[in-house]
Every structure is written in C-alpha cells, then in structure tokens.
There are 2 protein chains.
Amino acid sequence: MDNVTTSTITEVKTSKSRYSACLLFSANALSRAITAIGDEEFGRFGLCYSHAYMLCEVVEQPGITPSELSGTLCLTPSTITRLVEKLEQKRLVRRESEGKKTLIYPTAEGEAIQPEIAQAWDRVGARYSQVLGETSVCQLTKQVFSAAKALGGGI
Amino acid sequence: MDNVTTSTITEVKTSKSRYSACLLFSANALSRAITAIGDEEFGRFGLCYSHAYMLCEVVEQPGITPSELSGTLCLTPSTITRLVEKLEQKRLVRRESEGKKTLIYPTAEGEAIQPEIAQAWDRVGARYSQVLGETSVCQLTKQVFSAAKALGGGI
DNA sequence: AATTTTTGTTTGCACATACAAATATCATTC
DNA sequence: GAATGATATTTGTATGTGCAAACAAAAATT
C-alpha cells in the first residue's frame with residue numbers, strides 16, 4: 001500500500017490539477033490579503049470594507065433596494081440584510097418599507113462621512129500600488145474582475 | 001428592475017478609488033465564485049476545498065505540523081487547528097503529540113480517498129478552463145498568486 | 001374574486017476564518 | 001539548575017458569508 005499511492009501523488013503534483021488547486025488557494029489568499037488592508041483602513045470608522053462599499057452605493061443611489069445591492073456587491077440577499085442591519089445600527093443608513101420592497105437611504109451622518117470613506121479608498125489603492133505597482137493593479141483588477149464575472153455570473 | 005442600477009459594475013471604472021474598490025470587490029467575488037465550484041466538487045466527500053487541500057498535503061508529507069500547514073495553505077494556525085479537527089473527526093487524519101509539536105498523519109481511509117480527491121481537483125480545473133479558457137487560467141493563477149504573496153507576505 | 005405562483009426580504013442555522021489569550025514545551029541566560 | 005524568553009498549538013470569541021426556509025406582498029391564472 002505504499003508504492004502505488006506514492007507514485008500517484010507525485011503524478012498529481014506535476015499535473016494540471018495543481019494549477020487548479022493553486023488558483024483556488026491563491027484567489028482566497030488574495031482575497032484575505034486585500035480584505036485585511038481594506039478593513040484596516042475602514043476600521044477607523046468601525047466598518048469593514050463591504051460596509052464601506054455598501055454605504056457608498058447607498059449615498060450614490062438613495063432608496064436603493066437590497067436586491068439591487070445584492071447585484072452590485074455580488075453578495076446574497078441575506079448577507080445584504082445583515083450588512084444593512086449593521087449600518088443601520090451605526091446610524092449611517094435607514095430602512096423604509098414600501099410594499100414588498102425595502103428602500104435604503106443614507107442618514108445625514110452617513111452622507112457626512114462619505115468623503116472620508118472615499119479618502120480611505122484612495123489610501124487602500126495607494127497601498128496596493130505601492131506593493132504591486134500601479135500598472136499591475138489595473139491589469140490585475142481587470143483580469144480578476146472578468147474572471148469573477150465569468151465564473152460567478154452575478155450571484 | 002429598471003435601469004436604476006446604474007452603478008452596477010459591468011465595467012471597470014476609471015477613477016482611482018473605483019479601481020481599489022473594484023480590486024477589493026473583484027478579489028472577493030472571485031474567491032467566492034471559485035470556492036463555490038471547489039466546494040461543490042468536494043461536497044461529495046463532505047469536505048470543503050480547504051479540507052481537501054489540507055488532506056493532500058498531509059498525505060504528501062505525513063507527520064507535517066500545523067505551522068508548516070499554516071505556511072503552505074496561507075491560513076492562520078488557529079484555522080489549521082479547526083480544519084484538522086474536522087478532518088480528524090471524519091477519520092481522515094490523526095494527530096500525534098511530540099513535545100510542543102503536533103504531527104499530523106493521514107489514516108488509511110485518508111490515503112484511500114486521496115485519488116478521488118485528485119480527480120475532483122481535475123474536475124474543478126476543467127470547470128475553470130471551460131469558462132475562462134485554459135491559458136487564462138494559468139495566467140490568472142500566476143498573477144493572482146504573486147499578488148497574494150506580495151500583499152500577504154505569507155500569513 | 002379567489003387561488004396559485006412569483007418576487008423581495010428577512011430569519012435560523014452553519015461554517016471558514018481571524019485575533020487575542022491561554023497553554024505547553026523548548027531554548028537561553030544568569 | 002532555576003528563571004526568563006521564544007516557539008508551537010490550542011481555545012474563546014467574533015464576524016462575514018451562504019443556504020434553506022419562512023414570511024410578505026405583488027402578479028398571474030383560474
């Protein structure tokens with residue numbers, strides 16, 4: 001029960017499958033690394049990156065619905081509900097029921113901190129670029145974006 | 001349902017801050033999309049992708065330690081402990097204490113299902129390639145990998 | 001007009017993951 | 001050789017996320 005297994009494994013290591021393993025692993029590692037930077041910058045507002053992103057969308061489109069946000073942020077409706085709850089709890093947005101829909105509006109405070117959040121985005125971008133180089137960031141973003149869109153299909 | 005969702009990202013936007021937002025968002029979206037495919041394939045074994053990846057490493061290097069796995073999988077030691085617990089619970093690996101170290105070995109069953117798992121990796125890879133194209137997968141993997149390494153620095 | 005189907009949102013539960021603190025062992029220094 | 005510091009691992013706690021089910025409201029079908 002030794003040699004057979006061993007040779008199989010060695011084959012596996014050099015075959016295509018390692019690439020797939022690597023993409024899965026790398027994509028998650030990249031996600032964690034980038035999220036860490038984002039959360040570090042947005043932590044000052046007591047937000048994580050997805051809260052910040054969501055708040056920007058709400059400020060940009062007052063009255064946006066959870067399902068629209070779900071499409072924009074590529075997160076499931078249930079996750080959106082949870083994020084909105086957090087933001088509501090921090091008095092940055094408020095909800096209004098209208099029929100079966102829910103409309104989400106920024107509060108005055110939510111609009112007020114939006115410029116600061118935009119600055120935080122810039123700092124995040126600067127940190128990426130510092131490490132990866134500005135051109136790489138653009139290239140990487142495009143590739144990752146199109147791959148995500150192709151694979152995820154949008155929720 | 002109308003075109004209220006103007007800011008839905010169908011295209012990488014041009015302002016700098018949008019790029020950073022986009023990279024953060026895209027990286028996470030890619031991660032989720034890819035993880036979904038991985039988990040779907042490994043779900044037959046009752047595993048998620050990281051369990052499967054870890055099992056491969058353990059089979060390949062019997063007696064590997066949590067900290068080594070932490071480096072390989074780019075996950076924190078505490079996460080490794082939790083994953084090992086799950087794998088141990090499924091009787092696929094076992095732990096041995098040796099001083100302050102913990103050595104992780106595959107069980108017979110763990111070794112037995114390894115070839116099936118390798119096949120699952122191949123199926124995952126096939127699904128990526130089908131959507132993205134084989135050359136794109138390799139290119140994307142390399143880029144994402146080096147970016148993750150540069151940003152994360154390895155844990 | 002009443003019932004069924006579809007659509008939008010929210011809850012219950014589960015999981016992977018991380019951080020911080022606790023624990024256990026090894027290595028160094030006095 | 002005892003005390004201090006360094007390293008390895010595990011627990012407590014918290015969080016973002018998703019799936020499936022529940023719920024609510026609108027639309028469609030009868």
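Just so it is clear, the values below take in all heavy atoms, side chains as well, and ignore hydrogens, waters and symmetry mates. By convention in this document, chain letters (A, B, ...) are assigned in the order of the sequence lines, proteins followed by strands, and residues within each chain are numbered from 1.
- Distances were taken from every side-chain heavy atom of A/Ser78 (C-beta onward) to each of D/dC19, C/dA18, C/dT9; the shortest belongs to D/dC19.
- In this structure, B/Leu73 atom CG and C/dA16 atom P are separated by 14 Å, rounded to whole Å.
- Close to D/dT9, at under 4.0 Å from its OP1 or OP2, lies no side-chain N or O of B/Arg95.
- Between D/dT9, C/dT17, C/dT11, one nucleotide has an atom nearer to the side chain of B/Pro66 than all others, and that is D/dT9.
- With C/dA18, C/dC13, C/dT9 as the candidates, the nucleotide lying closest to the side chain of A/Ser67 is C/dT9.
- Between A/Arg127 and A/Glu41 a salt bridge is recorded (basic side-chain N to carboxylate O distance below 4.0 Å).
- Residues A/Thr81 and A/Ala36 both approach DNA chain C. Their nearest nucleotides, taken by heavy-atom distance, put A/Thr81 toward the 5′ side.
- Here C/dT9 presents its C1' atom at 14 Å from CD of A/Glu98, a figure rounded to the nearest Å.
- Within 6.0 Å of the CD atom in A/Glu98, the count of heavy atoms belonging to other residues, nucleotides or ligands does not exceed 12.
- Annotation: B/Gln130, atom CD; neighbour count of heavy atoms from other residues, nucleotides and ligands within 6.0 Å does not exceed 12.
- If you take NZ of A/Lys90 and C1' of D/dT15, they are 12 Å apart, rounded to a whole angstrom.
- Taking atom CG of A/Leu69 as the reference point, atom C1' of C/dG8 lies 13 Å away to the nearest angstrom.
- Computed from coordinates, the B/Glu40 CD to C/dC15 C1' distance equals 17 Å when rounded to whole Å.
- At distances below 3.5 Å, not a single donor-acceptor pair connects side-chain atoms of B/Ser97 with backbone N or O atoms of B/Thr102.
- At D/dT7, none of the side-chain N or O atoms of B/Lys101 fall inside 4.0 Å of OP1 or OP2 (strictly under the cut-off).
- Applying the 4.0 Å criterion to OP1 and OP2 of C/dA16, one finds that B/Ser50 has every side-chain N and O outside that range.
- At least one side-chain nitrogen or oxygen of A/Thr79 sits closer than 4.0 Å to the OP1 or OP2 atom of D/dG18.
- Side-chain atoms of B/Lys100 lie closest to C/dC26 of the nucleotides C/dC26, C/dT11, D/dT10.
- B/Leu83 comes within 4.0 angstrom of sugar-phosphate atoms only, judged by non-hydrogen atoms across all strands, and of no base.
- When each of A/Cys48 and B/Ile80 is assigned the nucleotide of DNA chain D with its nearest heavy atom, B/Ile80 is the one assigned upstream, toward the 5' end.
- Rounded to whole Å, atom P of D/dA8 lies 10 Å from atom CD of B/Glu68.
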* To do: Run the numbers on B/Glu109 and B/Arg91 for salt bridge (Lys or Arg N to Asp or Glu O under 4.0 Å), then give the verdict.
  => CA-CA 7 Å; B/Glu109 193 182 344; B/Arg91 312 279 184 224; over 6 Å; no
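- Taking hydrophobic clusters as Ile, Leu, Val, Met, Phe, Trp and Tyr residues chained together by side-chain heavy-atom distances below 4.5 Å, A/Ile34 shares a cluster with A/Val131.
- Side-chain proximity of A/Glu85 to C/dA16, C/dT11, D/dT9: nearest is C/dT11.
- B/Thr65 comes within 4.0 angstrom of the backbone, heavy atoms only, and of no base.
- Taking side-chain N and O atoms only, B/Arg32 has a distance below 4.0 Å to OP1 or OP2 of D/dG18.
- Distance CZ (A/Arg82) to C1' (D/dA20): 12 Å, rounded to an integer number of Å.
- What separates NZ of B/Lys86 from P of D/dT10 is a distance of 16 Å, to the nearest Å.
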